[in-house]
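First comes the structure, then the notes that go with it.
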Amino acid sequence: PADPGSPYRVVLLGASGVGKTAFASIFGGAADSMESDDCELCADEVCEREIEVDGEPATVSLLDTWDVETDSEWAREHFLQTADAFLLLYSVTDRASFLRASELRITLRRFRPAHRTPIILVGNKCDLVRRREVSVSEGRACAAVFDCKFIETSAAMQHNVWEAFHGIVRQLRLRRDPK
Ligand code: GDP
């Protein structure tokens with residue numbers, strides 16, 4: 001069997017309330033009883049599991065408890081410097097969270113200037129059509145400016161969440177063994 005290799009460390013970033021916990025529980029299998037045994041280290045902070053992307057296994061360590069509003073400067077730097085990739089979440093129903101995502105993108109750039117760290121800008125809660133405050137085209141334009149990928153998701157509907165995780169693994173693979 002193919003070797004999944006050392007884990008990719010992926011961090012969920014974003015303002016509070018955007019859906020980071022919901023993402024992490026989908027990743028960890030909480031919302032999928034068939035796969036709930038797959039998550040090995042489901043402490044609050046890190047969930048490590050093997051997932052299959054494009055027919056090849058990959059091990060992903062998901063760090064989900066980095067609370068940007070409250071955690072210490074040390075924790076912030078530690079996460080920013082040790083992560084391999086970021087899912088930068090905002091809620092399409094909350095313009096402030098979209099602005100927060102921009103700020104976080106700038107912070108990331110400051111900490112990781114030399115690296116082309118994979119980042120996907122994720123507009124979550126796209127199921128809440130009537131409460132939308134950020135349009136798809138604004139999200140896409142923001143990602144273009146930030147030179148990162150973009151996806152809209154609904155953790156509530158389990159729509160595109162796995163696509164976001166798979167997308168980040170694809171980008172990490174391109175970086176790790178460029179072909
Ligand atoms: P966190 O603070 O970023 O970890 O956000 P949570 O995952 O705790 O989500 C905050 C609230 O938004 C919770 O009540 C979730 O159930 C809800 N939520 C998260 N994702 C979605 C989504 O895609 N659609 C809807 N309608 N609600 C969501």
Side-chain angles (χ1 to χ4, degrees), residues 4-54 56-72 75-76 78-80 82-94 96-98 100-101 104-105 108 117-134 139 143 148-173:
S6 58
Y8 294 121
R9 293 167 56 86
V10 176
V11 172
L12 290 168
L13 279 185
S16 101
V18 297
K20 298 183 296 298
T21 308
F23 257 63
S25 55
I26 290 173
F27 178 83
D32 185 348
S33 55
M34 296 281 290
E35 291 183 272
S36 58
D37 288 344
D38 290 357
C39 189
E40 284 163 18
L41 286 163
C42 275
D44 327 304
E45 324 193 322
V46 181
C47 179
E48 183 171 307
R49 66 180 285 190
E50 196 179 299
I51 61 175
E52 192 177 296
V53 182
D54 302 329
E56 304 257 339
T59 308
V60 174
S61 266
L62 188 70
L63 294 88
D64 69 49
T65 53
W66 185 43
D67 188 330
V68 287
E69 319 301 342
T70 60
D71 274 5
S72 69
R76 183 178 306 225
H78 178 73
F79 274 114
L80 290 176
T82 60
D84 295 315
F86 298 91
L87 290 173
L88 185 52
L89 270 69
Y90 66 93
S91 165
V92 302
T93 63
D94 175 8
S97 74
F98 184 57
R100 188 81 185 106
L104 286 165
R105 176 70 186 94
L108 283 179
T117 307
I119 297 173
I120 299 181
L121 182 67
V122 178
N124 188 41
K125 307 199 190 183
C126 69
D127 58 292
L128 297 176
V129 177
R130 280 146 47 108
R131 286 176 46 199
R132 183 185 278 273
E133 293 181 2
V134 182
C148 64
K149 303 260 185 205
F150 173 67
I151 191 168
E152 280 203 352
T153 60
S154 166
M157 310 289 286
Q158 299 211 29
H159 170 69
N160 270 354
V161 174
W162 280 110
E163 279 73 3
F165 287 121
H166 290 179
I168 213 85
V169 168
R170 287 189 188 107
Q171 285 188 56
L172 284 161
R173 281 180 178 159

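A quick note: this is a predicted structure, and the numbers were derived from the prediction, not measured.
- Classification of the Tyr90-Phe150 ring pair by plane angle, with boundaries at 30° and 60°, yields parallel.
- The distance from atom CG of Asp127 to atom NE2 of His159, rounded to the nearest 0.5 Å, is 9.5 Å.
- The CZ atom of Arg9 sits 5.0 Å away from the CG atom of Leu63 when rounded to the nearest 0.5 Å.
- Judged by distance alone, the side chain of Arg105 and the main-chain N or O of Leu121 form no donor-acceptor pair under 3.5 Å.
- Here CG of Leu88 is found 10.0 Å from CZ of Arg100. Values are rounded to the nearest 0.5 Å.
- Lys149 is not listed as a side-chain neighbour of Ile151, based on a closest heavy-atom distance of 4.5 Å or more.
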Problem - Test side chain to side chain contact (heavy atoms under 4.5 Å, CB included) applied to Asp94 and Lys125, step by step - result: CA-CA 10 Å; Asp94 175 8; Lys125 307 199 190 183; over 6 Å; no
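- Side-chain contact between Thr59 and Glu48 is present, with at least one heavy-atom pair separated by less than 4.5 Å.
- Atom-to-atom distance recorded for Leu128:CG and Ser154:OG is 7.0 Å, nearest 0.5 angstrom.
- Residues Ile51 and Trp162 have side chains in contact (heavy-atom distance under 4.5 Å, counting atoms from C-beta outward).
- Val53 has its side chain within reach of Arg170: a pair of non-hydrogen atoms, C-beta onward, lies under 4.5 Å apart.
- Checking side-chain atoms of Lys20 against main-chain N and O of Leu89 turns up no donor-acceptor pair under 3.5 Å.
- Under 3.5 Å, the side chains of Ser91 and Asn124 contain no donor-acceptor pair of N or O atoms.
- Put simply, the side chain of Val10 reaches to within 4.5 Å of the side chain of Leu172, judged on heavy atoms.
- Leu108 places a side-chain heavy atom less than 4.5 Å from the side chain of Leu13.
- Note: Leu62 CG to Phe23 CZ = 10.0 Å, rounded to the nearest 0.5 Å.
- Put simply, the side chain of Val161 does not reach to within 4.5 Å of the side chain of Phe27, judged on heavy atoms.
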